[in-house]
Every structure is written in C-alpha cells, then in structure tokens.
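Report on the structure given below.
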Amino acid sequence: MKGLLLKDIYTLGKQMKLFLVLILVFAVMPGHSMSAFSIMYAAMLPMSTLAYDERAKWDTLASMMPYSTTDIVFSKYLLGYLAVGCATLFSFIVQITFSLLRQAPIESEGIISSLIVAVFATLLQAIDLPMQFKLGAERGRILFIIITVAMTMAIVTFSDTLTNQLFAILNQGSGLFLMVLLCIALTLVLNAASIFLSVKLYKSNFK
Amino acid sequence: MNAIEITNLTKTYPGFALSNLNLVLPEGSILGLAGENGAGKSTTLKLIMNAIPRDSGTIQVLGTDNQIPAFNAVKEDIGIVLDEAYFPEVLTPQNVSSVMQHTYQRWDNAIYNSYLQRFALPEKKPFKDFSRGMKMKFAIAVALSHAPKLLILDEATSGLDPMVRDEILDIFNDFTRDPGHSVLLSSHIISDMEKICDYIGFIHHGKLLLCEEKDRLLEEYAIVKLSDQDFLSVPPEAVHGKKETTYGVEALVKRTQVSAAFPLEHTNLEDIILFLARKEEDV
Amino acid sequence: MPSIRSLAKDLRISVITTKRAYDELEKGGLLYTVAGKGCYVAPQDTALVKEQHLREIESHIRKILTLAEPLGLSQAELFDLFRVVAEEESNL
C-alpha cells in the first residue's frame with residue numbers, strides 16, 4: 001500500500017505543495033474556523049487522484065500488479081485520512097502555540113470546531129468515495145459537489161441549534177470527553193462501512 | 001511446466017466473442033499472438049491476468065489457477081506491458097521507481113536505472129512528455145526490473161522505429177536465455193514475431209485459427225503463383241487461402257498436399273497469416 | 001558444442017529448431033551428449049567418411065556418363081575434358 005500512497009502523492013505533485021501552503025496559511029489566519037478550508041481541501045485530494053488514475057487507465061495496469069483490491073481502495077481513504085489529519089493537527093498546534101504565546105487559556109471553541117470539521121470531512125469522504133468508485137471520477141465529482149453543498153447548507157442552517165446543544169453537552173463536565181468519543185466512534189463506523197462498500201463496488205466494476 | 005495453460009476460454013462482449021480458446025505456452029518459449037485489431041488479442045491477455053472476468057474456461061499461469069487468491073502473489077513473477085494502460089501521466093521515471101520499490105518484492109533499482117540509461121529515458125521528465133516510443137521503452141524497463149519469470153507484452157513494438165524494435169526484440173530474446181523464462185507477446189507486426197518466436201498463434205474474430213511451432217509453419221507451407229488455368233490442377237484441399245491477381249492466382253498450399261511438380265516458393269509468416277485469414281473470410 | 005539454448009539465442013533461431021538439429025546430428029552419429037555436461041562432437045571414423053565420399057564420387061561419375069551418352073563422347077574425350085577443368089580449378 002505504501003507504493004499506492006506514494007503514487008498518489010507524486011500524482012498530486014503541485015496540488016500537494018499547495019495543500020501544505022494552505023494548511024499553514026489557514027491555520028494562522030485569525031478566526032476560529034479558517035482551518036476548515038484546509039481540512040475540506042484535504043478531503044478532496046483522493047478525488048483528484050481518482051481522476052488522474054482514470055485518465056491513464058491505471059486500474060487495468062494495477063489489476064495486474066500484486067496489489068489486493070482492498071489495498072487499492074483503502075489507499076485512497078488513507079490518503080484522505082492522512083491529509084485531513086495533518087491539516088487538523090496543524091491547526092491544533094497553531095492554536096495551542098498562539099494561546100501559549102499570548103499566555104491565554106486555550107480556547108476550546110477553536111479546537112472543537114477544527115475537530116468537527118475533521119469529522120465532517122471524513123464523513124464526506126466516506127459518502128463520496130463509494131460513489132467515485134462506482135460512477136467514475138466525472139460523475140462522482142458532480143455528485144460530490146451536490147452533496148457537499150447540501151450538507152454544508154444543512155450544517156449552516158442548523159449551526160446555531162447545533163452549537164447550543166454542543167455547548168450544553170460540553171458544560172456537563174465529562175461532555176467533552178464523551179463527545180470526542182462519540183465523534184471517533186461515528187467516524188470509525190461510517191468509514192468502515194464505506195470502505196467495505198467501496199471494495200464491493202470496485203469489484204463490481206470488474207467486467 | 002507450462003508457463004500458461006488456457007482451456008476452453010470464452011468471453012463475450014456485445015458484438016464480439018472470444019470462443020473456446022485453447023492455448024499453451026511451454027516454459028522457456030516465446031509465443032507470438034498475431035491478429036488484426038479487435039481480433040481478441042488484448043482481451044486474451046487481460047483474461048490471462050484475470051483483469052476482466054470470463055464466461056467460461058480455466059487459465060493456469062505459472063502453475064497457479066488465476067482465479068484463486070494465491071494468484072496475487074504470482075503477479076510478482078509476471079512483467080506486463082500494456083497497450084493503453086499506464087501510470088498517471090504526471091509521474092516521472094524516478095517517481096515510478098520508488099512506487100515500484102514498494103510494489104514488487106524483487107524490484108531492482110540498479111537494473112531499472114541501467115535500462116533507463118540504455119533507452120535514453122530522462123529520469124525526471126513526466127510521462128506525458130514522452131513520445132509513444134519512449135512510453136513503450138519505459139514500460140518495458142519497468143516490466144524487466146523486478147526479476148519476472150513471464151513477460152506478457154501487448155503490442156510492445158508498435159509505434160517504434162525498426163532499429164529500436166530490433167533492439168527490443170533482442171532484449172526479449174535474451175530474456176529467454178534462462179530456460180525458466182517465457183514470453184507471450186501480441187503484435188500485429190508479424191515480421192517482428194517471425195524473428196524471435198518459437199510458437200505462433202493467430203486469432204481472427206475471436207477464434208484461434210492456429211497455434212504452431214513457427215519453423216514448422218514455415219516448412220509446411222509454400223506459395224504457388226499460377227495462371228487461372230494451371231491453378232485448376234491444384235487439389236482444392238491443399239489450398240489454404242488464395243488471392244486473385246491480374247495474371248492469375250496466388251495461393252498458400254501445404255507442401256505435403258501438392259505434387260513437387262508445381263513451382264513452390266518459400267513463404268514468410270506474414271504471408272501465411274494473411275492467406276489463412278483470407279481463407280477464413282472466404283468460408 | 002554450445003548449449004542448445006545459447007546457440008539458439010545467439011543465432012536468433014527458435015530453440016525448438018536447434019534442439020531438432022542437435023537431435024538429428026546425434027542420431028547421425030556426429031554428436032553425443034554427456035548427461036549434465038553437454039553436447040560434444042563425436043570423433044569420426046575416417047575410413048567410413050572416406051568410403052562415403054568415394055561412393056558420392058562414383059555416383060557423380062555415373063551421372064556424367066549418363067549425360068555424355070547422348071552426345072556420343074568417347075572415354076578419351078571425357079578424360080581430356082576432366083583434365084581441362086581440373087587445370088582451370090587449380091589455376092583459380
């Protein structure tokens with residue numbers, strides 16, 4: 001799988017460099033949710049690689065190399081996780097550093113919002129990748145945009161209610177811990193299901 | 001052991017059918033698969049690697065059934081060059097080297113680099129800037145750099161100039177100095193296959209019309225060029241394809257089926273295949 | 001003798017054909033194989049080879065006589081012809 005990841009990173013090339021710059025820029029910009037942009041950008045990277053793969057008919061060649069179908073599918077997810085993880089981690093580090101420098105308490109809002117976006121991005125990936133594997137890069141991309149817009153609008157609409165409820169949970173002491181746990185559990189379950197589905201869909205393209 | 005054993009292979013697409021293919025590639029030999037575009041060569045090669053599903057039939061590659069999970073490990077021993085499937089075009093040979101290092105267990109960078117040098121391929125240029133010939137040479141370099149036992153080559157010499165083609169054929173020839181190494185190559189350049197193949201198979205509209213020792217074919221068949229009148233005295237069962245010309249008839253005959261009194265000419269592989277294809281069309 | 005395979009590859013001939021060639025040479029007594037070591041040229045029975053050549057010469061002579069008959073050439077004329085041609089050959 002390392003080979004596949006390397007291939008994807010090389011394929012992204014300039015996009016990767018841009019990504020690293022974005023992580024930096026958005027992390028240091030004032031405002032809580034700027035890093036959301038870099039985290040979302042991270043989730044879109046696997047999609048790009050799928051488009052390049054399709055152009056080169058890489059799938060045919062890859063099927064003749066000693067990769068397992070799971071490797072091929074999971075490497076895309078892994079790419080997304082690593083990218084989202086990097087972006088999120090970086091935003092944490094920057095926020096904590098700033099707080100330390102200002103000798104101010106760490107603002108949990110920033111951390112929470114980054115975490116939420118990370119979960120959102122991973123969920124988006126979990127929904128999006130199976131579609132990409134089944135429909136191919138072109139149609140998958142269109143569907144991805146539709147779903148992203150829909151979900152973003154939903155979140156924005158309900159953001160007030162969500163934020164209030166979230167803070168209610170948080171103020172119950174163990175709330176933060178519980179929420180983090182919930183996030184992780186949700187992400188894991190949905191992603192596992194998504195990976196399983198993607199492998200099935202990828203295999204069904206075998207004709 | 002046979003490098004490849006295909007039994008009763010069938011694959012149907014809308015408008016095309018590969019039917020009941022039986023083919024054997026003995027270990028240590030080079031088998032050339034001839035056929036026009038769309039005859040079924042690429043399909044056969046993909047089926048051998050189980051890259052596409054089949055309707056029926058069994059395929060054994062290097063002693064392993066290619067539909068069982070263990071076949072994935074056998075892919076380590078197979079070097080492939082495909083006609084239209086490549087690495088993403090933005091990759092450079094250098095990129096590919098590190099990808100392949102983590103793909104094949106026996107990847108040898110030193111061998112790979114020596115091929116890059118030999119083929120004068122720029123290490124840091126993206127694939128999309130390569131000419132067709134360079135793309136082919138690059139694919140061959142990759143295929144040869146992980147100590148394969150079997151080479152499967154789809155149109156590996158098309159689009160290359162004669163000198164380069166000859167050089168590459170030499171490489172395939174050298175590859176089989178080791179009696180454990182085998183090559184299956186498909187091409188529509190029959191003269192190339194005549195140079196190095198031990199066996200020749202001919203696929204036409206999804207059917208394998210022949211698969212024989214190349215030298216035996218060249219011994220067996222001959223060309224006669226006769227006037228229409230004289231041609232009448234050739235026994236019809238001896239004729240395996242004919243062409244009407246302005247001055248008479250040119251036909252492919254089996255030496256054993258005609259009397260030596262006829263002026264028999266030596267033939268080459270391309271003629272044999274062309275005439276046999278005509279025979280098939282005439283039927 | 002070089003191994004069947006290396007000869008085949010050096011000459012760009014099919015291995016099948018070189019193998020057949022070696023087999024036929026072995027059947028004809030010109031080669032022999034030592035298991036595990038390779039093919040070797042068999043020492044020729046010179047008397048046998050000489051006799052084979054003599055027989056070939058005899059059959060050629062018979063052919064000459066057959067060809068000469070319709071021309072009505074005498075034996076003396078044939079000998080003269082032989083001498084002329086032999087001299088030409090040695091002068092080349």
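Since we're looking at a predicted model, the values are computed, not measured. Below, chain A is the first sequence line, B the second, and so on; all start at residue 1.
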Original post:
Could you give the distance from OG1 (C:T17) to CZ (B:R216), rounded to the nearest 0.5 Å?
Top reply: 9.0 Å
Original post:
If you round to the nearest 0.5 Å, how far is CZ of B:F172 from NZ of C:K9?
Top reply: 12.5 Å
Subject >> Heavy-atom donor-acceptor pair, B:D198 side chain to C:S14 backbone, under 3.5 Å >> reply: no
Original post:
Any donor and acceptor pair, going by atom type alone, linking the side chain of B:D215 with main-chain N or O of C:I16 inside 3.5 Å?
Top reply: no
Is the closest basic N to carboxylate O distance between [X] and [Y] below 4.0 Å?
| X | Y | value |
| --- | --- | --- |
| C:K19 | B:E213 | no |
| B:D166 | C:R12 | yes |
| C:D10 | B:R177 | yes |

With a 6.0 Å cut-off (strictly less than), is the heavy-atom count around [atom1] of [X], excluding the residue itself, greater than 12?
| X | atom1 | answer |
| --- | --- | --- |
| C:F82 | CZ | no |
| B:K149 | NZ | no |
| B:E219 | CD | yes |

Original post:
Checking heavy atoms, do the side chain of B:E194, its backbone, both or neither come under 4.5 Å from chain C?
Top reply: neither
Subject >> Region of B:D178 that comes under 4.5 Å of a non-hydrogen atom in chain C >> reply: backbone
